[in-house]
Protein chains: 2
Amino acid sequence: MNGSRSAYTRKRILDAALRLFAVKGNKTSLREITAEARVNVSAVNYHFGSKEGLIQAIYQHRVRALNQTLLKSLDNLEEKAGSGTPVEAKDLIEAYFRPLLQHALTDTLAVPGNDPALREPHVLLRTLIMNGHSEVLQRFRLAFSRALPDMPDDELVWRLLFMLGAASCAVAGREGLLNALNPMHSEPFCPESLFQKLLTFLVGGFLAPLPGMQNAALAVKVASPQQYPGIAGP
Amino acid sequence: MNGSRSAYTRKRILDAALRLFAVKGNKTSLREITAEARVNVSAVNYHFGSKEGLIQAIYQHRVRALNQTLLKSLDNLEEKAGSGTPVEAKDLIEAYFRPLLQHALTDTLAVPGNDPALREPHVLLRTLIMNGHSEVLQRFRLAFSRALPDMPDDELVWRLLFMLGAASCAVAGREGLLNALNPMHSEPFCPESLFQKLLTFLVGGFLAPLPGMQNAALAVKVASPQQYPGIAGP
DNA sequence: GTCTATATCATGATAGAC
DNA sequence: GTCTATCATGATATAGAC
């Protein structure tokens, strides 16, 4: 059987890509990779379909590990809470975003410390979505829904999306975005400290009163709706 | 002098690119654009440096208009508040993110309705940063700093970044991301409704107590950190 | 089934001629 | 300033070796 040889070639490509991506990012050309792996260019296409497929294959194992971690963590929370009572929202947020941030910040590549690709905003999200992460999100979404039964589904989903966006910027911020806001790079980078910052932000945002609630302290004044749609003024 | 002819070629390219990007998104090839403009392929590189340069040139005018809108809006707020008192944080958030979202959602291209490129997450942020938006961010950052003098600089900058990430997902969410979370998306899209959702989330997150503080002074500035009626959990 | 060699195509970028 | 090569790249297809 040739299966072992197939797996060997596949692994050669993956290893070479892993090595080069870690240094040069995902902009590394297929030809560089295949040269490093001493393999024909077409082999990449045969095994992975495309360059994007190769990239996804690299991340697949770790993303799936993350998925499992998250599901297990959610299982534990729900078991501890019992079947009757829902898990609290802020516990859900922590259970989801702590592993996510840890995954994105420290567990990015076998080569310690560097994965230029993931620093590019939203590459993280795309990679997640393409590796079975949607099911995990659905599980958490249901848990959130149980935790906050009065929050409309529509509102809940958008808030989850906002949280993902904030988390994505938390990962990517260290590189380019943070400089635009804060040219004087002050603090040394500390993952745990960043996570605490993110967590408080997320909890505050997710548990904010619903829009339009007049008696809510944080309710936002409804602005003149005639500004939408269209372009108003200069 | 040949300047007028140069400007003419430049405009031909811009017009053609604008037309094609509006339909096919930024993935439109340079050759399609130059064919439409009846211009040599290299002319793009000469006038704009690269395809990315061309894209930025297209957005430049409108981003700069947005910058001006934001600065003027901030000026008005500060003038109304007087020189002694700072503008409230939630007013700052609204003053910044409403025009931003409007810009990204409705004012995306001269051709009505569509700018597939901006739906791709964080293309918005990149485009902004590359067109003098950093100075605007600095102005707002100072205003936020005055509004919340007790918030450490480091914390403030990260929260601004989180807000930008959430806003970016608000823009991009309609396409791919929302489907991953909510396969049955029944609600019709309403920009104003989305903005209200985003705004409440941002205010809740930005004004959240500092990490490590249970009853923070920051929360007192707004209200007691209560949640809207019906939401469970302490 | 696995992989190589090779060719073809569209694309973005660049150098140099005019 | 403009245009003509020319190049490197990603993707794809075919033929054939093993």
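In the text below, chain A, chain B and the rest are named by the order of the sequence lines, each starting its count at 1.
- At a non-hydrogen distance threshold of 4.0 Å, A:S42, A:N45 from residues 32-47 of chain A come into contact with DNA chain D.
- Ring centroid separation for the pair B:Y59 and B:H133 does not come in under the 6.0 Å cut-off.
- Within the 4.0 Å cut-off from OP1 or OP2 of D:dA8, not a single side-chain nitrogen or oxygen of A:S29 is found.
- Protein atom CG of A:L30 is 15 Å distant from nucleotide atom C1' of C:dT11, rounded to whole Å.
- One can place NZ of A:K24 at 14 Å from P of D:dA8, the figure rounded to the nearest angstrom.
- A ring-centre distance under 6.0 Å is not found for B:F195 and B:F97.
- Residue A:K27 contributes atom NZ, which lies 18 Å from atom P of D:dA8 at whole-angstrom precision.
- Residue A:E79 qualifies as open at atom CD: its count of foreign heavy atoms under 6.0 Å is 12 or below.
- In this structure, the side chain of B:E155 does not engage the main chain of B:P152 through any donor-acceptor pair within 3.5 Å.
- Computed from coordinates, the B:F48 CZ to D:dG1 P distance equals 13 Å when rounded to whole Å.
- Relative to the side chain of A:S6, the nucleotides D:dA11, C:dT2, D:dT2 differ in distance, and C:dT2 lies closest.
- Aromatic rings of A:F206 and A:F162 (six-membered ring for Trp) have centroids beyond the 6.0 Å cut-off, not under it.
- A pairwise comparison of heavy atoms in B:T9 and B:A43 identifies CG2-CB, 4.5 Å as the closest pair.
- The interatomic distance linking B:L54 (CG) with C:dG12 (P) rounds to 10 Å, in whole Å.
- The separation between A:K11 atom NZ and C:dC3 atom C1' is 19 Å, rounded to whole Å.
- Here the CD atom belonging to A:Q68 is positioned 9.5 Å from the CG atom belonging to A:D75, to the nearest 0.5 angstrom.
- B:R12 places its CZ atom 16 Å from the C1' atom of D:dG1, with the value rounded to the nearest Å.
- Taking atom CZ on B:R31 and atom P on D:dT9, their separation rounds to 16 Å, with Å as the unit.
- In this structure, B:R19 does not pair ionically with B:D15, as no charged nitrogen and carboxylate oxygen lie closer than 4.0 Å.
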Set out, line by line, the N/O atom pairs under 3.5 Å between protein and nucleotides 16-18 of chain C.
none

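- Salt-bridge check for A:E36 with A:R12: failed, with every basic side-chain N at 4.0 Å or more from each acidic carboxylate O.
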